[in-house]
Amino acid sequence: MQHVSGGSPRAWRSASLVAAAAAMLALTTACGQEKGEQTPKGQNVGNEAPVKDGAGAGDGYGSDGGYGADSGSGASKAKAAGQLAVWDSKKLGKVVTDSAGFTLYRFDKDTAEPPKSNCDGACETAWPVVAAKGAKAAPGVDKSLLGEVTRSDGSKQLTIDGWPMYRFAKDTKPGDAKGQGVGGTWYAAAPDGKKAAPAADSGADSGGDAAEPADLAGLSTRNDPKLGEIVVDKNGMTVYRFTKDSAWPMKSACTGPCLEKWPVVKPVAKNDTKGILKKGFVTFSRPDGLKQQTIDCWPLYTFAGDKKPGDTNGQGVGGTWFAAAPTGKAVGATK
C-alpha cells in the first residue's frame with residue numbers, strides 16, 4: 001500500500017530521522033560533532049606507527065637521514081628550515097634553530113660581505129646546508145636579516161645577516177649542539193647571524209630578548225617536519241590532545257597525577273591566536289576547578305617531558321596522546 005505522501009512508510013520514517021538528526025546537529029554545532037574523526041583529512045597517518053620518542057635519529061637530520069656518510073650535491077640534500085625559533089642555552093646564549101628545534105651553525109671560513117659559502121664536497125656532507133626556500137624569521141627577529149646565497153652547484157642557501165647557515169650531521173635530536181667549536185671554526189648561530197654567546201655578548205643585538213618563543217601568540221602553529229602543522233603555545237611548546245577525552249560533552253579523562261605529566265593549556269583569548277580554528281574555541285571549566293582551553297571543544301595539554309620548543313616527546317605516548325592540529329584533531333591518531 002502506498003503512503004498518502006506518495007512514498008513508502010519506510011521512506012517517510014527515514015526522512016523524519018534525517019530531519020531530526022539535522023536538528024540535533026544544529027544544536028551541537030559548536031562542540032564536537034565530529035568527535036569520532038581523529039585524523040585530519042588528506043593526512044597520510046593511518047598506516048604510520050606513532051612517534052613515541054619525538055624527533056630523533058630517524059627524523060631526517062641524523063646519520064641515517066641523508067646527512068651522514070653519503071655524499072651528494074647540496075641541491076638534492078638541503079632541507080628547508082621552516083619557521084625559525086630561538087632558544088636560550090645556558091652555555092651558548094641565544095641560539096637560532098629550525099622548525100624542528102635543530103641548531104643552525106655558521107662557518108668562520110665563510111664570508112658575509114659578500115655572502116659566500118666555502119663548505120663544499122666532504123665538508124657539505126658533515127655540515128648540511130640549510131635551504132633558503134620556506135625559511136621564516138623567528139618571532140621578534142628582523143625579517144630583513146634573512147637572505148640567500150647561490151652556491152657553486154646553483155642551489156640557494158639560507159643566510160642570516162649574510163652568514164650562510166648549516167646543520168651538523170652529528171646532531172641527532174632537537175637541542176643538540178655537538179658542532180659547537182668544531183675545528184675552531186664552527187659555531188652555533190645567534191638570531192642576528194653572529195656567533196651565539198651567553199649573556200652580554202648575545203644581548204647586545206637589538207631585540208635579542210624579543211626573539212624568545214614567549215613572543216609567539218597564545219596559541220599558534222608550526223610546521224613540524226614529521227607531523228606537519230601542529231599547535232604550539234606562547235612558549236613554542238607542542239600542544240597535545242588526549243584521545244580518551246570527549247568533545248561533546250566536554251570531558252577530560254586526565255585528572256590527578258595525570259595532570260603532573262600533562263598540564264592543561266590555560267585559557268587563551270581568541271584574538272591572541274594565529275592559524276587556529278575558532279569553532280568550539282571555548283574554555284572548559286573542569287570539575288577540579290582548573291580552566292582549560294579547547295579547540296573544537298577538545299581539551300588541550302602540554303607535556304612535562306618536552307623541555308624546549310621543537311620537542312614532540314609526547315607524540316604517541318600510550319597510543320592515546322597526540323599533537324593537536326589547528327582544527328583540534330589529533331595528528332597521527334587512528335580512528
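Along the sequence shown, the residues carry numbers beginning at 1.
Here Phe242 and Trp262 keep their ring centres 6.0 angstrom or further from each other.
The line from NZ of Lys136 to OG of Ser99 is 10.0 Å long, rounded to the nearest 0.5 Å. Taking CZ from Phe322 and NZ from Lys329, the interatomic distance works out to 15.0 Å, rounded to the nearest 0.5 Å. Rounding to the nearest 0.5 angstrom, the gap separating the NZ atom in Lys308 from the CH2 atom in Trp87 is 6.5 Å. Distance check: Gln293 CD to Leu219 CG gives 6.0 Å after rounding to the nearest 0.5 Å. A distance of 6.5 Å separates SG in Cys123 from OH in Tyr166, rounded to the nearest 0.5 Å. In this structure, Thr312 OG1 and Trp321 CH2 are separated by 15.5 Å, a value rounded to the nearest 0.5 Å.
You'll find the side chain of Leu104 reaches within 4.5 Å of the side chain of Leu84, heavy atoms only. Phe107 places none of its side-chain heavy atoms less than 4.5 Å from the side chain of Trp127. In this structure, Leu290 and Leu259 have side chains that are in contact, with non-hydrogen atoms separated by less than 4.5 Å. Residues Thr255 and Arg286 have side chains in contact (heavy-atom distance under 4.5 Å, counting atoms from C-beta outward). Inter-residue side-chain proximity for Pro326 and Leu277 is flagged as unmet; no heavy-atom pair is nearer than 4.5 Å. The shortest distance between side-chain heavy atoms of Val265 and Thr302 falls below 4.5 Å. A 4.5 Å side-chain heavy-atom check between Arg167 and Lys79 finds at least one atom pair inside the cut-off. Two residues are said to be in side-chain contact when any heavy atoms from C-beta on lie closer than 4.5 Å; Thr103 and Asp176 fail this criterion.
Gln157 places no side-chain N or O within 3.5 Å of a backbone atom of Val149 that could act as its donor or acceptor partner. Asp272 places no side-chain N or O within donor-acceptor distance of the main-chain N or O of Ala269, the cut-off being under 3.5 Å. Side-chain atoms of Asp110 come within 3.5 Å of backbone atoms of Asn118 as a donor-acceptor pair (strictly under, hydrogens ignored). A donor-acceptor contact shorter than 3.5 Å links the side chain of Arg151 to the backbone of Cys119. Counting only distance, with no hydrogens or angles, the side chain of Thr159 and the backbone of Ala112 share no donor-acceptor pair below 3.5 Å. With Lys274 contributing its side chain and Asn271 its backbone, the two residues share no donor-acceptor pair below 3.5 Å. For the pair Asp296 (side chain) and Gly280 (backbone), a donor-acceptor distance under 3.5 Å is absent. A donor-acceptor distance shorter than 3.5 angstrom exists from the side chain of Asn313 to the backbone of Gly305, with no hydrogens or angles considered. Counting only distance, with no hydrogens or angles, the side chain of Asp142 and the backbone of Ser144 share a donor-acceptor pair below 3.5 Å. Judged by distance alone, the side chain of Arg241 and the main-chain N or O of Gly328 form a donor-acceptor pair under 3.5 Å.
Dense packing is recorded around NZ of Lys278, with more than 12 heavy atoms of other residues, nucleotides or ligands lying under 6.0 Å away. Environment of NZ in Lys178: crowded, with over 12 heavy atoms of neighbouring residues, nucleotides or ligands closer than 6.0 Å.
Hydrophobic clustering (ILVMFWY, side-chain heavy atoms < 4.5 Å, transitive): Tyr187 and Ile160 are in distinct clusters. The hydrophobic cluster containing Met237 does not contain Leu300, counting ILVMFWY residues as joined when their side-chain heavy atoms lie under 4.5 angstrom apart, directly or transitively.
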*Stepwise, does the side chain to side chain contact (heavy atoms under 4.5 Å, CB included) test hold for Thr238 with Leu227?*
CA-CA 11 Å; Thr238 303; Leu227 304 176; 5.9 Å; no
Item checked: Worked verdict on Phe281 versus Thr273 for side chain to side chain contact (heavy atoms under 4.5 Å, CB included) -> CA-CA 10 Å; Phe281 192 82; Thr273 64; 3.6 Å; yes
| request: Could you walk me through whether Met250 and Gln292 pass side chain to side chain contact (heavy atoms under 4.5 Å, CB included), step by step? | output: CA-CA 11 Å; Met250 279 189 292; Gln292 185 172 13; over 6 Å; no
- request: Kindly indicate, with the supporting measurements, whether the criterion side chain to side chain donor-acceptor pair (under 3.5 Å) is fulfilled by Gln83 and Arg222.
  value: CA-CA 7 Å; Gln83 173 66 64; Arg222 73 175 179 86; over 6 Å; no
Please step through side chain to side chain contact (heavy atoms under 4.5 Å, CB included) for the pair Val264 and Phe284, ending with a clear verdict. CA-CA 10 Å; Val264 304; Phe284 172 38; over 6 Å; no
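Between Val86 and Ala138, the shortest heavy-atom distance links the atoms CG2-CB, 3.7 Å. Taking every heavy atom of both residues into account, Gly162 and Pro115 meet most closely at O-CB, 3.4 Å. The two atoms that bring Val95 and Ala196 nearest to each other are CG2-CB, 4.0 Å, heavy atoms only. Between Ser152 and Asp120, the closest heavy-atom pair is OG-OD1, 3.4 Å. Here the shortest heavy-atom pairing between Ala190 and Val96 reads O-CG1, 4.0 Å. In plain terms, the two heavy atoms of Ala188 and Gln180 that are nearest each other are N-OE1, 2.7 Å.
Salt bridge status for Lys94 with Asp192: absent, with no side-chain N to carboxylate O gap under 4.0 Å. Checked for salt-bridge contact, Arg106 and Asp108 meet the test: a charged N lies under 4.0 Å from a carboxylate O.
Below 30°, between 30° and 60°, or above 60°: for Phe303 and Tyr240 the angle between ring planes is above 60°, a perpendicular geometry.
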